[in-house]
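Here the structure comes first, spelled out in structure tokens, and everything after it is commentary.
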Number of protein chains: 2
Amino acid sequence: MSNLSPEFALLGLLAEGPSHGYDLHQRLVTDLGHVWHLSQSQAYAILKRLEARGDIKSHTVEQDKLPARQKLQLTSQGRRRFQEWLDGGAASNARSIRLEFLTRLYFAQKNEPEKMADIYIAQFDQVQASIQRLTDLLAHLPPEQEYNRLSLDLRLRQIHLICKWLDEIKTKFQIEVPA
Amino acid sequence: MSNLSPEFALLGLLAEGPSHGYDLHQRLVTDLGHVWHLSQSQAYAILKRLEARGDIKSHTVEQDKLPARQKLQLTSQGRRRFQEWLDGGAASNARSIRLEFLTRLYFAQKNEPEKMADIYIAQFDQVQASIQRLTDLLAHLPPEQEYNRLSLDLRLRQIHLICKWLDEIKTKFQIEVPA
DNA sequence: CTCAATATACTCACCCGATGAGTATATCAG
DNA sequence: CTGATATACTCATCGGGTGAGTATATTGAG
């Protein structure tokens, strides 16, 4: 998968009730516009793909005066895929943590706040694993590889930074983590 | 452009002398494999595009035993484009700084070390501008936009981190910056 | 000696991400 | 009444990225 588009964010918005492309795009921009940057046309493209995959189904609704809409609904498969994404994974690099973790938290807070702790913990564990992986890589990197070293070094520090940021999020949302 | 592929890295390697796809890919992986992650097929795809654009020209060279090669050379346009990239721009977000700035520095150190300071300064200035931009955005963000705020906040901190990292690079390479 | 792994060199089919422009109608403010 | 903004969606085009396939040559382990 290694999915870095707001595909699941759209699925999640649609999980709150049937809607249509224009509206989903608007809502995503309003609520998560500084998380995901999504053009209108790209939103439609993703929705089309989701429909082709069977996560969404659509039918045309005529309107009195405005152009017809494609009313979209989640299929049960789509709902399952969204739940699996929400419960299942955790992102592993800086960018995808910012995007995916925040999106997971957003939907959890809205719909099932009791899940926030699980999401937090899964992400925290993943971050620890990344620190381990990058530290090992750095330790075994031949010393003459200066530029590779600088790159890995920055990545490692970025992950450490995310650790601190996660900790503040834990406090902010009063997430209880078992010792 | 907002180009986030190792296009210019390939151009830069070719600037050191005519070569062919397989070799360029190998060298990129060896020297900058933890900066750019580039599959072989993607390397060929980029080279093809560069040829279509007229930055590269190729001709077939038969070999005794091994498969024929497409020998690649920079055109004068390609050389110019590479120089413009090297001298011209500076990346503005965390990821592209890691990728592009390090790549610029790599080629400068190899071929024209006196340029390192200019590249450093251009990047530093760009980072200051990003800090300004993100700080302003955050200041004007409505307080109810929690998730947008968290995202911008992380981005801002990442840029601050890069500031420190840049400073260490300055020391490491003994770059002299006028006050 | 032989066979399998590795190296050389490149191609192809496919999908996803992203932009920018275009289309058409409706409403609202000045 | 006119021009900006909102509603609603389409299309062409490009670039990024994967995974598998093709074909031959060399090397090394048993």
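Keep in mind the model is a prediction, meaning the values are calculated, not measured. Lettering follows sequence order; numbering is per chain, from 1. As a basis for the values below, the full set of heavy atoms in this structure was taken, side chains included, without hydrogen atoms, waters or symmetry mates.
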>> Between His20(A) and dC9(D), is there a contact of a side-chain N or O with OP1 or OP2 at under 4.0 Å?
In response: yes
> Are the aromatic ring centres of Phe107(A) and Phe8(A) under 6.0 angstrom apart?
Replying inline: no
> Between Lys170(B) and Asp167(B), does at least one N-O distance fall below 4.0 Å, as a salt bridge requires?
Replying inline: yes
> Does dG15(D) have OP1 or OP2 sitting under 4.0 Å from an N or O in the side chain of Arg53(B)?
Replying inline: yes
> Once you round it to whole Å, what is the distance between C1' of dG15(D) and CD of Gln42(B)?
Replying inline: 8 Å
> Given dG16(D), dC9(D), dA9(C), which nucleotide is nearest the side-chain atoms of Arg49(B)?
Replying inline: dG16(D)
> Can a side chain N or O of Ser5(A) be found less than 4.0 Å away from OP1 or OP2 on dC16(C)?
Replying inline: no
> Quick one: does Ser41(B) reach the base of dG19(D) with a side-chain donor-acceptor pair under 3.5 Å?
Replying inline: yes
> Are side-chain N/O atoms of Lys48(B) and Tyr44(B) paired as donor and acceptor at under 3.5 Å?
Replying inline: no
> Does a side-chain N or O from Tyr44(A) land closer than 4.0 Å to OP1 or OP2 of dC9(D), or not?
Replying inline: yes
>> Would you say Gln26(A) places a side-chain N or O within less than 4.0 Å of OP1 or OP2 belonging to dT7(D)?
In response: yes
> When the distance from NZ of Lys48(B) to C1' of dG17(D) is rounded to whole Å, what number comes out?
Replying inline: 16 Å
>> Rounding to an integer number of Å, can you tell me how far Glu51(A) CD sits from dC9(D) P?
In response: 12 Å
> Roughly how many Å is it from CZ in Arg95(A) to P in dG16(D), rounded to a whole number?
Replying inline: 15 Å
>> Under 4.0 Å, heavy atoms only, any strand: does Ser39(B) hit a base, just the sugar-phosphate, or nothing?
In response: base
>> If I take atom CZ in residue Arg69(A) and atom P in nucleotide dT7(D), what distance separates them, rounded to the nearest angstrom?
In response: 9 Å
> Please give, in whole Å, the distance from dG15(D) C1' to Glu7(B) CD?
Replying inline: 10 Å
> So does Glu168(A) pair up with Lys164(A), basic N to acidic O under 4.0 Å?
Replying inline: no
>> How many whole angstroms separate atom CD1 of Ile46(B) from atom C1' of dT11(C)?
In response: 16 Å
>> Please report the distance, rounded to the nearest Å, between CG in Leu38(A) and C1' in dG20(C).
In response: 15 Å
>> Please identify which of these residues, Tyr106(A), Trp36(A), Phe101(A), meets the ring-ring contact (aromatic ring centres under 6.0 Å, His included) condition with Tyr147(B).
In response: Tyr106(A)
>> Between the base of dC10(C) and the side chain of Gln70(B), is one N or O donor paired with an acceptor at under 3.5 angstrom?
In response: no
